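Below, chains carry the letters A, B, ... as their sequence lines are ordered, and counting in each starts from 1. On a predicted model such as this, the values are computed, not experimentally measured, just so you know.
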Amino acid sequence: MLLIPCPWCGPRDEAEFRYGGQARVAYPEDPWALDDTAWAEYLFVRDNPEGWFAERWFHTAGCRRWCDVMRDTATNRVAGSAPTGASLTEVTK
Amino acid sequence: MDEAVNPTLPLPRVERQSPAGHLAQRCAATGSDSTVTLYEVPFLAQVELRVDPGEERCAARTAGEFLGCALPEPGRWTGHGRPHALWCGPGWYLVVDDSATGRGLAAGLAAAVGGEYGAQCASVVDVSAQRTVLELRGPRAREVLAHGCDLDLHPRRFGPGNYTHTLLAKATVGLQQLDNGPTYRLLVRASYADYLVNWLLDAMCEHVMEH
Ligand SMILES: [Zn+2]
């Protein structure tokens, strides 16, 4: 079980959260300019790295806020968390 | 035919029913002061206060003056006696009062946060019917909670003054520690009250046995 550090509540059990997928997927600046392929790419296609990954978690059973978490998908080590949009410590090998 | 005078229709129920009221006798019969006790504190006034980040200082000052205590820091609650202000999340507070009605408290708080500019700097909603409050008290209370709560409740991490939302036996609860008895208050949704009280009574079993 993961121990996820909520920026407001501190380390909490994974069961208190809902997963939100990859973090920082920006909404297209001009959605009308996108063709179907590009729109589908924005909607559905996500990175799937082996290693460090910035992802979103929602603290459902706690403060009910989204936060961004840096997690190693191979080892499940968590490097840190931050409120959505705030800068998150980037981790490279 | 006028329904109001129809003698065959049963009169509507007038007495209030608390979400765990039907379990009061079983609660009273379980445990003792030297182990652990559980009881419901029904019908507390509960008002939710929501503040935009930009209005935080104005709301903290006006609400604080009305409540007689500062709005709490993350993970904490404030207030001596009544009312209590509980930190639920960023910009999200719950005010609990056992000497007021939900409507009265909401009206007073709304007036307090709206006085300055003629417009409210925070949202105030009466949510008294949403949750009921259980009190779990006694030397074994921490062990009872540990059966279903993953939070570290050791005194060095969680003590009087702490309040947080978490999971207890998979139910979302607000957990408030009042004193070093320890006395815990559990704020639980009305529809979960029956389940949670039954779970607590079961968890208390092994701690209330006479040796
Ligand atoms: Zn949280």
Side-chain angles (χ1 to χ4, degrees), chain A residues 1-29 46 52-91, chain B residues 48-54 56 71-77 85-94 123 125 127 130-131 145-154 156-159 161-177 186-189 191-192 195-196 199:
Chain A
M1 187 87 77
L2 288 174
L3 199 60
I4 296 168
C6 171
W8 296 279
C9 307
R12 292 301 179 95
D13 206 276
E14 180 187 348
E16 291 192 7
F17 291 83
R18 269 185 64 182
Y19 188 57
Q22 184 178 0
R24 284 103 203 259
V25 179
Y27 189 76
E29 241 170 59
R46 295 290 180 267
W52 291 107
F53 188 39
E55 57 193 12
R56 309 193 312 148
W57 288 88
F58 181 62
H59 198 183
T60 329
C63 61
R64 304 196 58 81
R65 287 291 175 126
W66 285 98
C67 63
D68 293 350
V69 177
M70 187 63 81
R71 179 178 68 97
D72 189 321
T73 58
T75 63
N76 267 342
R77 270 201 305 145
V78 172
S81 70
T84 302
S87 72
L88 189 64
T89 331
E90 297 290 331
V91 184
Chain B
E48 200 168 272
L49 181 70
R50 293 271 194 165
V51 188
D52 274 344
E56 191 80 52
L71 290 181
E73 298 289 308
R76 310 284 298 172
W77 63 272
L86 318 173
W87 184 91
C88 300
W92 176 23
Y93 306 92
L94 188 69
S123 135
V125 179
V127 294
Q130 188 186 7
R131 299 185 187 87
L145 292 179
H147 283 287
C149 180
D150 293 319
L151 218 57
D152 185 358
L153 297 178
H154 188 279
R156 74 170 175 267
R157 300 301 304 273
F158 197 94
N162 277 111
Y163 175 80
T164 191
H165 286 178
T166 187
L167 293 175
L168 177 62
K170 297 179 183 170
T172 313
V173 295
L175 181 65
Q176 179 188 16
Q177 185 166 347
L186 296 162
L187 281 71
V188 59
R189 293 214 168 84
S191 54
Y192 281 81
Y195 158 73
L196 197 70
W199 182 89

Considering only heavy atoms and a distance below 4.5 Å, find which of [options] pairs most often with chain B.
options                       : value
C6(A), G62(A), C9(A)          : G62(A)
P11(A), P7(A), A15(A), C63(A) : C63(A)
M1(A), R12(A), R64(A), H59(A) : R12(A)

- Side-chain heavy-atom pair W92(B), R65(A) within 4.5 angstrom cut-off: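 With C-beta onward as the side chain, the pair stays apart.
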- Message: Could you check whether any side-chain heavy atom of T172(B) comes within less than 4.5 Å of a side-chain heavy atom of E16(A), counting everything from C-beta outward?
- Response: no
- Task: For R46(A), look at atom CZ and say whether over 12 heavy atoms of other residues, nucleotides or ligands are found less than 6.0 Å away.
- Result: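 Result for CZ/R46(A): enclosed.
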- Do other residues, nucleotides or ligands put more than 12 heavy atoms under 6.0 Å from Y192(B) OH?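 At most 12 heavy atoms, drawn from other residues, nucleotides or ligands, come within 6.0 Å of this atom.
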- Only one of T166(B), D150(B), L167(B) passes side chain to side chain contact (heavy atoms under 4.5 Å, CB included) with D13(A), and that residue is D150(B)
- Go through the atoms of P90(B) and report whether side chain, backbone, both or neither lie under 4.5 Å from a heavy atom of chain A.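 When you check distances to chain A, atoms from both the backbone and side chain of P90(B) fall under 4.5 Å.
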